[in-house]
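Input: a single structure, listed below in structure tokens.
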There are 2 protein chains.
Amino acid sequence: MEKLSKELIGASTIPIILSILSKNESYGYEIIQNVKKISNGKIEYGDGTLYPVLHKLEKKELIASYWKISDSGRKRKYYKISDKGKKELFTEKENWTVINQIISKLWKIETSLI
Amino acid sequence: MEKLSKELIGASTIPIILSILSKNESYGYEIIQNVKKISNGKIEYGDGTLYPVLHKLEKKELIASYWKISDSGRKRKYYKISDKGKKELFTEKENWTVINQIISKLWKIETSLI
DNA sequence: TTCTATACTTAGAACTTCTATGTATTTTTG
DNA sequence: CAAAAATACATAGAAGTTCTAAGTATAGAA
């Protein structure tokens, strides 16, 4: 199985990021690694792709950030989900469920005709 | 439940159109009505949205078109899925399944932590 | 005869993400 | 110790997308 299509990646990026942040605070680089791992390499965000998305989410106040110095002395920008972000995530989940139902309905009918 | 997000609509448009055309030949206006019905009004393509997508799919040779005059005398441009389009639909289904697994995995973990 | 529904087209606006490039530090390897 | 690789973030501009809006045209209903 190959990489996923751009459209699907695009549609899933925000719900995925919000989901990850709803479990633990995290920072850009770690999110990229995490998503790669979870998806078995099928989703690999470029850093130039993810960071602008994080900035956008912060601007919309769905997440908030703060700088932290790690033990190694490395600077990391941590992101945390906000209440608004949690609500948004809930809505995104509902949407995803609905579209899945529509699509699986279509595909079931079709399969039965083949 | 409201209308779906643009991103999800965008990601699902091509698989949905190809699915519909894999069952029956159809034309733009009918596809719009059909999707509206199947989705209980949650997906309502504007005509200015759907037609360019059909043109794009035709240019990529995933579908082919021909004009037909209906009994009423009205001109309709019918679209038919091609072999290439069927392959594409298959790939899209695989992609959709994969992303669903990734996402539902994320959401399951999260739910169990709440 | 006027309005609504049917039917298609396309230019341009608006919005996205992705590529490419830049900066900087820490860790690993030779 | 020096070089290379990994870690970490930022952003301008390219490229691609869909959506809005406006236009054309005909059939049927009121």
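Order of the sequence lines sets the chain letters (A, B, ...), proteins ahead of strands, with each chain counted from 1. Please read these numbers as outputs of a predicted model, since none were measured by experiment.
Taking for each of H55(A) and V53(B) the nucleotide of DNA chain D with the nearest heavy atom, the 5'-most of the two is the partner of H55(A). Judged by closest nucleotide on DNA chain C, K77(B) is the one of E7(B) and K77(B) placed further toward the 5' end. Residue order along DNA chain C, read from the 5' end via each residue's closest nucleotide, puts K6(B) first among S72(A) and K6(B).
Using a 4.0 Å heavy-atom distance criterion, T49(B) is classed as a base contact. Using a 4.0 Å heavy-atom criterion, one finds that G48(B) contacts the bases of the nucleic acid, with or without backbone contacts as well. Base engagement by R74(B) is indicated by at least one non-hydrogen atom pair under 4.0 Å involving a base atom. Counting any heavy atom pair closer than 4.0 Å across all strands shown, K68(B) reaches no nucleic acid atom.
Taking side-chain N and O atoms only, Y51(A) has no distance below 4.0 Å to OP1 or OP2 of dA10(D). Between K56(A) and dT17(C), a side-chain N or O to OP1/OP2 separation shorter than 4.0 Å is present. Side-chain N/O atoms of K75(A) include none lying less than 4.0 angstrom from OP1 or OP2 on dT7(D).
Remark: C1' of dC19(D) and CD1 of I32(B) are 13 Å apart, rounded to the nearest angstrom. Distance, L54(A) CG to dT17(C) P: 11 Å, rounded to whole Å. Atom CG of D47(A) and atom P of dA24(C) are 17 Å apart (whole Å). At whole-Å resolution of the value, OH in Y78(B) and P in dT6(C) are 14 Å apart. Protein atom CD of E44(B) is 12 Å distant from nucleotide atom P of dT20(D), rounded to whole Å. Spacing between atom CG of D71(A) and atom P of dT27(C) amounts to 10 Å, rounded to whole angstrom units. Look at NZ on K36(B): it is 10 Å from P on dA5(C), rounded to the nearest Å. dC9(D) atom P lies 8 Å from atom CZ of R76(A), rounded to whole Å.
Comparing dT17(C), dC9(D), dA7(C) by their nearest atom to the side chain of Y29(B) picks out dA7(C). When distances are taken from the side chain of W67(B) to each of dA10(D), dC9(D), dT9(C), the shortest belongs to dT9(C).
For the pair K77(A) and Y27(A), the cation does not sit on the ring face, since its NZ or CZ is not both under 6.0 Å from the ring centre and inside 45° of the axis.
Side chains of Q33(A) and Y29(A) form a contact here, defined as non-hydrogen atoms less than 4.5 Å apart. Side-chain contact check for L54(B) versus I31(B): some heavy-atom pair is nearer than 4.5 Å.
No donor-acceptor distance shorter than 3.5 angstrom exists from the side chain of S19(B) to the backbone of W107(A), with no hydrogens or angles considered.
E58(B) and S65(B) are linked by a side-chain donor-acceptor pair at a separation below 3.5 angstrom, with hydrogens and angles left out of the test.
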